[in-house]
Amino acid sequence: MTVTIDTHAAIRDLQEAGADPKLAEAIVATVSRADTELATKSDLSALEGRLTTAGYRLALGVVIANSAIVFGLLKLAMPA
């Protein structure tokens, strides 16, 4: 999602509110750059899905590893 900002008007508004011209330009430049780096709801939803899937896989791996350890110890502890 891209938001269009009238940088000239924004700088003018900041200067009229008392901001130094260089400060006004820096603020508008920062806001303009930040807009291109924002995550959308769709981005966050996709990330949540990947993290949830990774969490389930990790939990399953831990359960399998623990089961293997328990069965291995039982086999060692029980006489043949």
* To do: Apply side-chain contact (heavy atoms from CB on, under 4.5 Å) to the pair Leu23 and Leu14, showing each step before the final yes or no.
  => CA-CA 9 Å; Leu23 177 62; Leu14 288 167; over 6 Å; no
* Taking the side chain from Ser67 and the backbone from Val63, do they hold a donor-acceptor pair closer than 3.5 Å? -> yes
So, taking the atom named [atom1] in [X] and the one named [atom2] in [Y], what distance separates them when rounded to the nearest 0.5 Å?
| X | Y | atom1 | atom2 | result |
| --- | --- | --- | --- | --- |
| His8 | Asp13 | NE2 | CG | 9.5 Å |
| Ile11 | Asp6 | CD1 | CG | 9.0 Å |
| Leu51 | Leu58 | CG | CG | 11.5 Å |

* **side chain to side chain contact (heavy atoms under 4.5 Å, CB included) partners of Thr53, counting only residues at least two apart** => Arg57
* Asked: For Ala10, what residues pass the side chain to side chain contact (heavy atoms under 4.5 Å, CB included) criterion, not counting sequence neighbours?
  -> Ile5, Val28
* Asked: Is there a side-chain contact between Asp43 and Leu47, using heavy atoms and a 4.5 Å cut-off?
  -> no
* Asked: More than 12 non-hydrogen atoms from neighbouring residues, nucleotides or ligands closer than 6.0 Å to CD on Glu48, yes or no?
  -> no
